[in-house]
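Beneath this line is the structure, given in structure tokens, with notes to follow.
The first residue in the sequence is number 1, and the count goes up from there.
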Amino acid sequence: MPKVAIIVGSDSDLEKASDACTVLEELSIDYDLRIASAHRTPELLEEYMNSVEERGVEVIIAAAGWAAHLPGVVASYTTLPVIGIPIDSSCLNGLDSLMSIVQMPPGIPVATMSIGKGGARNAGIFAASILSVKYPEVKESLNNFRQNLKQKVMKAADKHNK
């Protein structure tokens, strides 16, 4: 059963949000991936959101570009934690998306990551951090992941710091 849902507004957003999928796979966390637009397919999004908790989902990652309403609309359907990824798809290079997601009205929060692929990766890691409070195996995977990051930096430091 997936613990994380990843929702993107279009297949063009999928490529830029894919690092969230990659990191969840690295951490052995099951996820459900959906394409549903807040504007173009609101009924599809509503149908999915009405079933997301019964599917076992505990954290939602929503990625969107342009006006980027998807994360906020998703958050309006649930009290589960929602993590927003601003996608750099418009002529404003994602700044419009960032502002749309980070400026949620009080009462309907969305945790907002940075624009683009780095934000997608951090969204996956942040979802794991949330799950690690409840699942010891996720906490262990996350700790190992961080140890691997540390080892990569130490190896680079050894190589270049002479």
Next on the checklist: Check for me, please, whether Val59 and Ile29 land in the same ILVMFWY cluster - side-chain distances under 4.5 Å, paths through other members count.
Outcome noted: yes
Next on the checklist: Less than 4.0 angstrom from a charged side-chain N to a carboxylate O is my criterion; do Lys134 and Glu58 meet it?
Outcome noted: yes
Next on the checklist: So that I can tick it off, tell me whether Glu47 and Arg34 are bridged by a salt bridge, with the cut-off set at under 4.0 angstrom between side-chain N and carboxylate O.
Outcome noted: no
Checklist entry - For Tyr48, does the OH atom sit with more than 12 other heavy atoms under 6.0 Å from it, leaving out its own atoms? => result yes
Checklist entry - Which of these, Ile35, Ile85, Asp32, Ile61, sits in a side chain to side chain contact (heavy atoms under 4.5 Å, CB included) with Ile6? => result Ile61
Checklist entry - Between Tyr135 and Glu140, is any side-chain donor less than 3.5 angstrom from a side-chain acceptor? => result no
Checklist entry - To the nearest 0.5 Å, what is the distance between NZ (Lys150) and CE (Met154)? => result 6.5 Å
Checklist entry - Would you say Ile60 and Ile83 make side-chain contact, with heavy atoms under 4.5 Å? => result no
Checklist entry - Rounded to the nearest 0.5 Å, how far apart are CG of Leu98 and CG of Asp88? => result 11.0 Å
Checklist entry - Are Leu70 and Leu45 close enough that some pair of their side-chain heavy atoms sits under 4.5 Å apart? => result yes
Next on the checklist: Salt bridge or not between Asp30 and Lys3? Use side-chain N to carboxylate O under 4.0 Å.
Outcome noted: no
Checklist entry - Could you state the interatomic distance from OG (Ser37) to CD1 (Ile7), rounded to the nearest 0.5 Å? => result 11.5 Å
Next on the checklist: Side chains of Pro86 and Thr112, heavy atoms from C-beta outward: is any pair under 4.5 Å?
Outcome noted: yes
